[in-house]
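Reckoned from all heavy atoms, side chains included, excluding hydrogens, waters and symmetry mates. Chain identifiers are assigned alphabetically (A, B, ...) following the order of the sequence lines, protein sequences preceding nucleic acid strands; residue numbering begins at 1 within each chain.
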Amino acid sequence: MKISELAARTGVATRMLRYYEEQGLITPHRLANGYRDYDSYLVDRVTKIRGLVDSGVPTRIIGDILPCLNQSQEIIVRDPDPELRMMLINQRDAMVERIASLEQNRDALTRYIAAMDQALQPTP
DNA sequence: CTTCTGACA
DNA sequence: TGTCAGGA
């Protein structure tokens with residue numbers, strides 16, 4: 001598929017798809033006319049990459065972390081950098097906080113929706 | 001009309 | 001990350 005299609009199917013801007021390629025995260029083939037040609041499995045890969053990026057994981061190590069998403073425990077750490085380790089720990093902790101916040105907000109919406117249903121369909 | 005590379009008031 | 005240029 002061409003870049004526009006991958007962008008549509010992943011919700012990731014073509015600009016970023018080319019950027020991910022520069023970072024070595026994805027390597028599409030090339031069509032005779034020079035256009036990038038993406039294999040369908042890249043849709044899933046790009047979705048995962050975006051998820052990591054949105055979570056604040058530096059693109060430089062996303063390639064190494066990607067396998068962690070599955071359960072293929074064959075994790076190869078190429079950059080044991082202590083500073084990077086601390087940054088990842090901080091991001092992981094921030095993630096935990098956001099998840100907790102999201103859960104509270106989700107529950108708040110659930111209760112509000114329930115209240116709306118009550119107003120619409122009062123129990124006789 | 002779509003994509004490509006390179007660049008940045 | 002968006003967007004514009006200048007080509008193909």
Side-chain angles (χ1 to χ4, degrees):
Chain A
M1 70 183 89
K2 292 198 301 297
I3 196 168
S4 61
E5 187 182 340
L6 181 61
R9 306 209 329 198
T10 61
V12 176
T14 59
R15 174 74 173 71
M16 287 303 102
L17 291 176
R18 299 193 182 97
Y19 179 67
Y20 292 165
E21 183 181 341
E22 284 189 319
Q23 305 307 300
L25 270 30
I26 52 179
T27 51
H29 303 161
R30 291 287 179 159
L31 266 22
N33 58 11
Y35 286 14
R36 268 165 269 249
D37 184 37
Y38 301 86
D39 292 310
S40 60
Y41 75 82
L42 289 176
V43 172
D44 184 65
R45 188 180 172 82
V46 169
T47 297
K48 290 176 179 173
I49 291 173
R50 195 197 57 180
L52 260 3
V53 173
D54 290 347
S55 295
V57 178
T59 57
R60 52 173 303 208
I61 59 168
I62 287 183
D64 294 332
I65 291 183
L66 234 37
C68 295
L69 280 178
N70 306 314
Q71 290 178 45
S72 55
Q73 308 178 321
E74 303 166 49
I75 303 171
I76 300 176
V77 180
R78 297 181 179 181
D79 183 15
D81 179 14
E83 291 181 45
L84 174 58
R85 183 189 126 78
M86 287 309 291
M87 298 200 85
L88 294 180
I89 287 176
N90 290 329
Q91 285 168 180
R92 193 271 312 276
D93 292 344
M95 222 177 271
V96 170
E97 288 178 30
R98 277 184 292 157
I99 289 173
S101 178
L102 285 173
E103 290 181 324
Q104 285 184 259
N105 291 163
R106 175 202 57 196
D107 293 344
L109 292 189
T110 296
R111 286 193 287 277
Y112 189 77
I113 291 170
M116 291 177 99
D117 292 344
Q118 281 301 303
L120 261 40
Q121 194 177 76
T123 53

> salt bridge (Lys or Arg N to Asp or Glu O under 4.0 Å) with A:E5: which residues, sequence neighbours excluded?
Replying inline: A:R9
>> Let me check I have this right: for DNA chain C, each base becomes ., (, ), [, ] or |, based on Watson-Crick or G-U pairs with both distances under 3.5 Å. What is the full string?
In response: .|||||.|
>> Can you list everything that forms a side-chain contact (heavy atoms from CB on, under 4.5 Å) with A:T27? Sequence neighbours excluded, please.
In response: none
For residues 83-109 of chain A, please give each side-chain donor-acceptor pair under 3.5 Å, one per line with the distance, not counting sequence neighbours.
unit_1: A:N90; atom_1: ND2; unit_2: A:M86; atom_2: O; d: 3.2
unit_1: A:Q91; atom_1: NE2; unit_2: A:G56; atom_2: O; d: 3.1

> Going 5' to 3' along DNA chain C, which nucleotides are the first and last within contact of chain A (any atom under 4.0 Å from a heavy atom)?
Replying inline: C:dT1 to C:dT3
>> Could you report the tightest heavy-atom contact between A:L66 and A:I49, atom names first, then the distance?
In response: CD2-CG1, 4.1 Å
> By side-chain contact (heavy atoms from CB on, under 4.5 Å), which residues pair with A:M16, not counting sequence neighbours?
Replying inline: A:V12, A:Y19, A:Y20
Could you pull out the protein-nucleic contacts involving nucleotides 2-4 of chain B (nitrogen or oxygen on both sides, under 3.5 Å)?
unit_1: B:dT2; atom_1: O2; unit_2: A:Y35; atom_2: OH; d: 2.3
unit_1: B:dT3; atom_1: OP1; unit_2: A:S4; atom_2: N; d: 3.2
unit_1: B:dT3; atom_1: OP1; unit_2: A:S4; atom_2: OG; d: 2.4
unit_1: B:dT3; atom_1: O4'; unit_2: A:Y35; atom_2: OH; d: 3.3
unit_1: B:dC4; atom_1: OP1; unit_2: A:R36; atom_2: N; d: 2.9
unit_1: B:dC4; atom_1: OP1; unit_2: A:R36; atom_2: NE; d: 2.9
unit_1: B:dC4; atom_1: OP2; unit_2: A:R18; atom_2: NE; d: 3.0
unit_1: B:dC4; atom_1: OP2; unit_2: A:R18; atom_2: NH2; d: 2.6

> Cluster partners of A:Y112, using ILVMFWY side-chain heavy atoms under 4.5 angstrom, listed by chain and number?
Replying inline: A:M116
> For A:R60, which residues count as a salt bridge (Lys or Arg N to Asp or Glu O under 4.0 Å) partner, sequence neighbours excluded?
Replying inline: A:D79
> Does A:R111 have any salt bridge (Lys or Arg N to Asp or Glu O under 4.0 Å) partners at least two apart in sequence or in another chain, and if so, which?
Replying inline: none
> In the hydrophobic cluster built from side-chain contacts under 4.5 Å, what are the other members alongside A:L31?
Replying inline: A:Y35
>> Once salt bridge (Lys or Arg N to Asp or Glu O under 4.0 Å) is applied, do any residues pair with A:D117, and if so which ones, sequence neighbours excluded?
In response: none
